[in-house]
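Contents: one structure, followed by commentary.
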There are 2 protein chains.
Amino acid sequence: MHLDQTDKTLLKLLQKDCKQTNKALSNVLGLSVTAVYERIRKLENLGVINNYVALLNKERVDKSFVAFCHVKLVQHSQDYVVKFEREVAKLQEVLECYHISGDYDYILKVLVKDMQEFRTFMVEKLTKINHIGSTHSMFVINEVKHTTTISV
Amino acid sequence: MHLDQTDKTLLKLLQKDCKQTNKALSNVLGLSVTAVYERIRKLENLGVINNYVALLNKERVDKSFVAFCHVKLVQHSQDYVVKFEREVAKLQEVLECYHISGDYDYILKVLVKDMQEFRTFMVEKLTKINHIGSTHSMFVINEVKHTTTISV
DNA sequence: GATGAAACTGTGGTGCA
DNA sequence: TGCACCACAGTTTCATC
């Protein structure tokens, strides 16, 4: 796989706004509409472009509380790890979950309505998963930056 | 602002795939194409839908290393805070940055090619920002879950 | 990668409940 | 206010060069 400069520019444009017409893109890139169409198809087929999604304003859908939650398991047997990861992936409040190096095993990004809902999430959902040793939560005071755009 | 069940279903569908035609959406929702079109326009105008973007496979664009980086400032004067936030927002390697509660002031999600590039990022970019007291990095071993879909 | 044609979709007007 | 129907302009998509 090799991406030339045109591919990279195209990816940059589509990461910013994927609803642009091929005609608009063709103007920026100095190509024909078909050439743009074929490059996009190529990038999709190569799996460089995963999918196209609508991003919402979380405050407007009443989800204003973001927290990062560290989790440590009591043990690290494969059984426990697999089970925890499967259960946590099911929780819709958990937008992201990573297995990380350091004092804790996992870091989770959790999105809920408010502090009260976060408490409910912790008590009734997260800590209901077995084999969790300890957790440590950090609350987001302010979102400084949040982008889905990868520099290519 | 009030979102009915149809709006919520529509948001769920568009968060999964925003390239679906209004016709396909109208079939799922049991509405006419125009009705779907008008609801989407409404959600855009209300600012519920922020934008439409292409999501990339980070491995396919040679960005396989994710790290979370805690940052503490030496002081918390407004001047220092504003300056740090402005500088960090400019760094393309930083996908997310949050001001958080707890021992550290900020948590950053950093995406680069590999460990070596991370080192370069830390030495030549992040710690070049003034007034940083200390940092603490955690490396992602495995991505368990990563979604942009907010449950509505 | 360009051109041109066919099929389809987005978009806005009008009317109905 | 919200939806359905209709029609046109513009877009996607594909065959051909």
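Every chain is numbered from 1, with letters handed out A, B, ... down the list of sequences. All of these numbers come straight from a predicted model, not from anything done at the bench.
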### Task
Taking only heavy atoms on the protein side, list every residue of residues 7-29 of chain B lying under 4.0 Å from any atom of DNA chain C, sorted numerically.
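Within this stretch, B:T21, B:N22, B:K23 sit under 4.0 Å of the strand.
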Taking atom [atom1] of [X] as the centre, report whether more than 12 heavy atoms of other residues, nucleotides or ligands fall under 6.0 Å from it.
X: B:Q116; atom1: CD; value: no
X: A:D103; atom1: CG; value: no
X: A:K16; atom1: NZ; value: no

Quickly work out the [X] [atom1] to [N] [atom2] distance and round it to whole Å.
X: B:D4; N: D:dG2; atom1: CG; atom2: P; value: 9 Å
X: B:E38; N: C:dC16; atom1: CD; atom2: P; value: 17 Å
X: B:H2; N: D:dG2; atom1: NE2; atom2: P; value: 11 Å
X: B:I40; N: C:dG10; atom1: CD1; atom2: C1'; value: 10 Å
X: B:Q5; N: D:dG2; atom1: CD; atom2: C1'; value: 17 Å
X: A:L31; N: C:dT3; atom1: CG; atom2: C1'; value: 14 Å

#### Entry: Donor on one side chain, acceptor on other, B:Q20 and A:Y52, under 3.5 Å
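No, no side-chain donor-acceptor contact under 3.5 Å.
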#### Entry: Pair A:K58 + A:E143, salt bridge at N-O below 4.0 Å
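Looking at A:E143 together with A:K58, the answer is yes, because their closest N to O distance falls below 4.0 Å.
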### Salt-bridge present (A:D114, A:K63; N to O < 4.0 Å)
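So A:D114 does not pair with A:K63 through a salt bridge.
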### Query
Centroid-to-centroid, B:F68 to B:F139, below 6.0 Å?
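Ring centroids of B:F68 and B:F139 are no less than 6.0 Å from each other.
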### Query
C:dG1 phosphate, OP1 or OP2: any side-chain N/O from A:R39 under 4.0 angstrom?
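Checking C:dG1 against A:R39, a side-chain N or O does come within under 4.0 Å of OP1 or OP2.
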### Query
Are any of A:R41's side-chain N or O atoms less than 4.0 Å away from OP1 or OP2 of D:dT13?
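So the side-chain polar atoms of A:R41 never come under 4.0 Å of the phosphate oxygens OP1 or OP2 of D:dT13.
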### Task
Please step through side chain to side chain donor-acceptor pair (under 3.5 Å) for the pair A:Y80 and A:Q78, ending with a clear verdict.
CA-CA 5 Å; A:Y80 285 11; A:Q78 191 174 0; over 6 Å; no
### Task
State, to the nearest 10°, the angle formed by the axis through the first five base pairs of the helix from C:dG1-D:dC17 to C:dA17-D:dT1 and the axis through its last five.
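Both end axes considered, the difference amounts to 30°.
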### Message
side chain to side chain donor-acceptor pair (under 3.5 Å), that's the test. Do A:Y98 and B:K109 meet it? Break it down for me.
### Response
CA-CA 11 Å; A:Y98 302 91; B:K109 187 170 135 190; 3.1 Å; yes
Polar atom pairs between nucleotides 5-7 of chain D and protein, under 3.5 Å, N or O only, would you list them?
residue : atom : partner : partner atom : Å
D:dC5   : N4   : B:T34   : OG1          : 2.6

### Message
Would B:T148 and A:L55 count as a side-chain contact (heavy atoms from CB on, under 4.5 Å) here? Give the steps.
### Response
CA-CA 7 Å; B:T148 55; A:L55 298 180; 3.9 Å; yes
### Nearest heavy-atom neighbours spanning A:E117 and A:K113
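Looking at all heavy atoms of both residues, the shortest contact is OE1-CB, 3.1 Å.
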